[in-house]
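Quick caveat, the model's predicted, so the values are computed rather than measured.
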Amino acid sequence: MVNKLAAIGLLFGLASIASSKVVGVNYAIEQKLSASHLSPQATNDIANISQRTTISTGREHHEDVLAAQSSTADYDPRKLYPPHYLSIPIDHFHNESKYAPHTHDTFPLRYWFDAQFYTPGGPVIVLQGGETSGVGRLKFLQKGIVYLLARATGGIGVILEHRYYGTSMPLGDKAMTTEGLRFLTFDQAMADQAYFARHVVFEGLEAVDLTAPGTPWIAYGGSYAGGFSAIIRKIYPHVFWGGVSSSGVVEAIWDYWAYFEPIRVFGEPKCIATVQKITNMADNIVIGLKDTKTTADLKTVFGMANVTHDSDFMAIISEGIIGWQNQNWDPALNDLSVERFCGNVTSQEIIYEDTAALNETVYELLKKGGYESEALPLAVPLLNWIGWLHHHTVKHCKVTQDQCFSQHNSTFYRQDDIKQTWRAWPYQFCTEWGYLATGSGVPEHILPLISRTSTMEHNSIVCVEAFNITSPPYIENINKHGGFNIAYPRLAMIDGDRDPWRPATAHASPFNETAINRTSTTSEPFILIENAIHHFDENGLFANQTVQGKDILPPQPVRDAQAQIVSFVKEWMVEWETEKARSGMVTQTPEFYPEL
């Protein structure tokens, strides 16, 4: 029900949440998202969502699926890292009326850690879980960037779950009600991590005080959690000695039409041109021609004659290109859906024999949609698109097509019991972050990759129906910290040049003219990874999984970036020791801190 394009869930991997009724068709948030966010994650999950049109930096997944993706069965990270819990205040800001009625209650914030490399004086590397279960991040502790940094610095690696995700639920069974979600704000979540850094005692190391500020803490995160790690370094500088923002969305944007710009620029040219033309043809019929019969013919040829709302139908046919964010250099995580889709729509041979009978109808639609002169070269790609969508999506629908594909379902949105964990990320993007990926926002001189029926009104249905939110989110609460141009000593910006989230990161130029390119320094690293998409630097391989030679894994740009990250964090540790020797440790809490 939550549209993939309604909110590009940071994480952000793409979160595809299968409905309990229509497995493989009904999806939501991700993750981001993706995120969810959103590094790519598994598709099937826990919510009963009847829509396959939401990109999430926000993603909530079954923990067994996440763990299975994290590593091979022989190295299940859940068996290596038992969960731990720290009691955290639900409400850190009793002087702010938006959290009324206030509470002095606490909730158990879940975390995992690995101290195998710890030596006295080493840092704590804390990776923020973001808008998904923290279980999905354990691979970074086991063989990814947290493992690399802990090994290189003699530090402790930590995965910290975000409030309202996984099992870290304030208010118990009331957590997913609109009233219960009032404590799901960026400020409260940052205060959680600061509180954690100042109070945690690691099992087995009870005799060692590893709390901040007496121990150097380095915040790390990707996608939404990357923006989180950048801003927390600036807001809590005496708690976090450094911060690394990987694909960090530091600029909140309500109409995030630019999500598709890196895809348009870096995608396979023939595929991109075909998608643009066929999408434009469909828009010319649905928006321009406005002829009921022709629109019905278009729906019928795609096998979705019974989808009531045109915008729902157009969102579904646009989904072939959505998997771009989920491509990864690690073959075990790589999503091949875009590659396969593009292979279909760039072929001049009919791939699905049963679509040949639609040839005459397809020619007529291309003609009515303004592409009569290109009907011959576009007909077969359109037939293959129809066949691909049928096998990938349409045939899996086992109930009514509106139940499978429509975002219009007030009954669904009113569900707010504790099982409705899909509500967390939409609440965040409806209240503070935005990131509604529209086709309507694309400038007129650019042919969009998704339909212009993907409007702000359509994509914000979840905000109105689920939370009764009718005004834009308060993105200023995020952007006041610097947005694209946020900077602070010992704050690194690491991004991928082909990431669809790049237009919301510090590396947004040239996709956004207000973002300023910078010179990378040891204190403020500014690294753009070549041929990279979403937080490529966070993933890793076991030693026996690496590949040398032509098909090198990890790819050389990723290896180089990870080596640079290790290098500058080690330099930050030298700076820590120098500062410690020069002036002693700062132990006071600045006045602007929330109650810690």
Do K368 and D297 sit within salt-bridge range, that is, some charged N less than 4.0 Å from a carboxylate O?
-> no
For [X] versus [Y], what's the shortest heavy-atom pair and its separation?
X	Y	result
Y164	A175	CE2-O, 3.3 Å
T300	A305	OG1-CB, 3.5 Å
L184	Y427	O-CE2, 3.7 Å
I450	T438	CD1-C, 3.6 Å
G221	E538	C-OE2, 3.7 Å
R137	G129	NE-O, 3.0 Å

Does any non-hydrogen side-chain atom of [Y] lie less than 4.5 Å from one of [X]?
X	Y	result
L181	R423	yes
S454	S440	no
E530	P555	no
L436	W257	no
V399	C404	yes
D283	M314	yes
I285	T295	yes
V362	V301	yes

First locate atom [atom1] of [X], then atom [atom2] of [Y], and finally report the distance between them rounded to the nearest 0.5 Å.
X	Y	atom1	atom2	result
T361	L366	OG1	CG	11.0 Å
H162	Q128	NE2	CD	5.5 Å
I386	T355	CD1	OG1	7.0 Å
F536	I494	CZ	CD1	14.5 Å
I461	S406	CD1	OG	7.5 Å
N344	L389	CG	CG	10.5 Å

Side-chain donor-acceptor pair under 3.5 Å between [X] and [Y], yes or no?
X	Y	value
N512	T514	yes
Y371	N280	yes
T346	E268	no
Q327	H534	no

Has [X] got a side-chain atom pairing as donor or acceptor with [Y]'s backbone, closer than 3.5 angstrom?
X	Y	value
E251	F484	yes
Q276	L449	no
Q415	F412	yes
N328	N334	no
T177	G180	yes
D312	D402	no
W385	I317	yes
R502	D497	yes
H507	A515	no
Q403	T400	yes

For atom [atom1] of [X], is the number of surrounding heavy atoms from other residues, nucleotides or ligands below 6.0 Å larger than 12?
X	atom1	value
Q556	CD	yes
E476	CD	yes
E513	CD	no

Only one of K290, K299, R452 passes salt bridge (charged side-chain N to carboxylate O under 4.0 Å, His left out) with D310; say which it is.
-> K299
Verify the ring-centre separation between [Y] and [X]: is it less than 6.0 angstrom?
X	Y	value
W433	Y474	no
F302	H390	no
F260	W324	no
Y435	W501	yes
H392	F341	no
Y224	W425	yes

T393 and E319: CA distance, side-chain angles, deciding distance, side-chain hydrogen bond (donor to acceptor under 3.5 Å, both in side chains) verdict = CA-CA 10 Å; T393 298; E319 73 172 25; 2.4 Å; yes
Show your reasoning for whether side-chain contact (heavy atoms from CB on, under 4.5 Å) applies to S133 and Y165.
-> CA-CA 5 Å; S133 165; Y165 295 94; 5.9 Å; no
Go through the steps to decide whether T505 and D495 satisfy the test side-chain contact (heavy atoms from CB on, under 4.5 Å), and finish with yes or no.
-> CA-CA 8 Å; T505 72; D495 298 303; 3.5 Å; yes
Criterion side-chain contact (heavy atoms from CB on, under 4.5 Å) on T431 and T185, from CA distance to verdict | CA-CA 8 Å; T431 56; T185 66; over 6 Å; no
Let me see the working for M281 and L382 under side-chain contact (heavy atoms from CB on, under 4.5 Å), right down to the final yes or no.
-> CA-CA 11 Å; M281 175 275 293; L382 177 51; 3.8 Å; yes
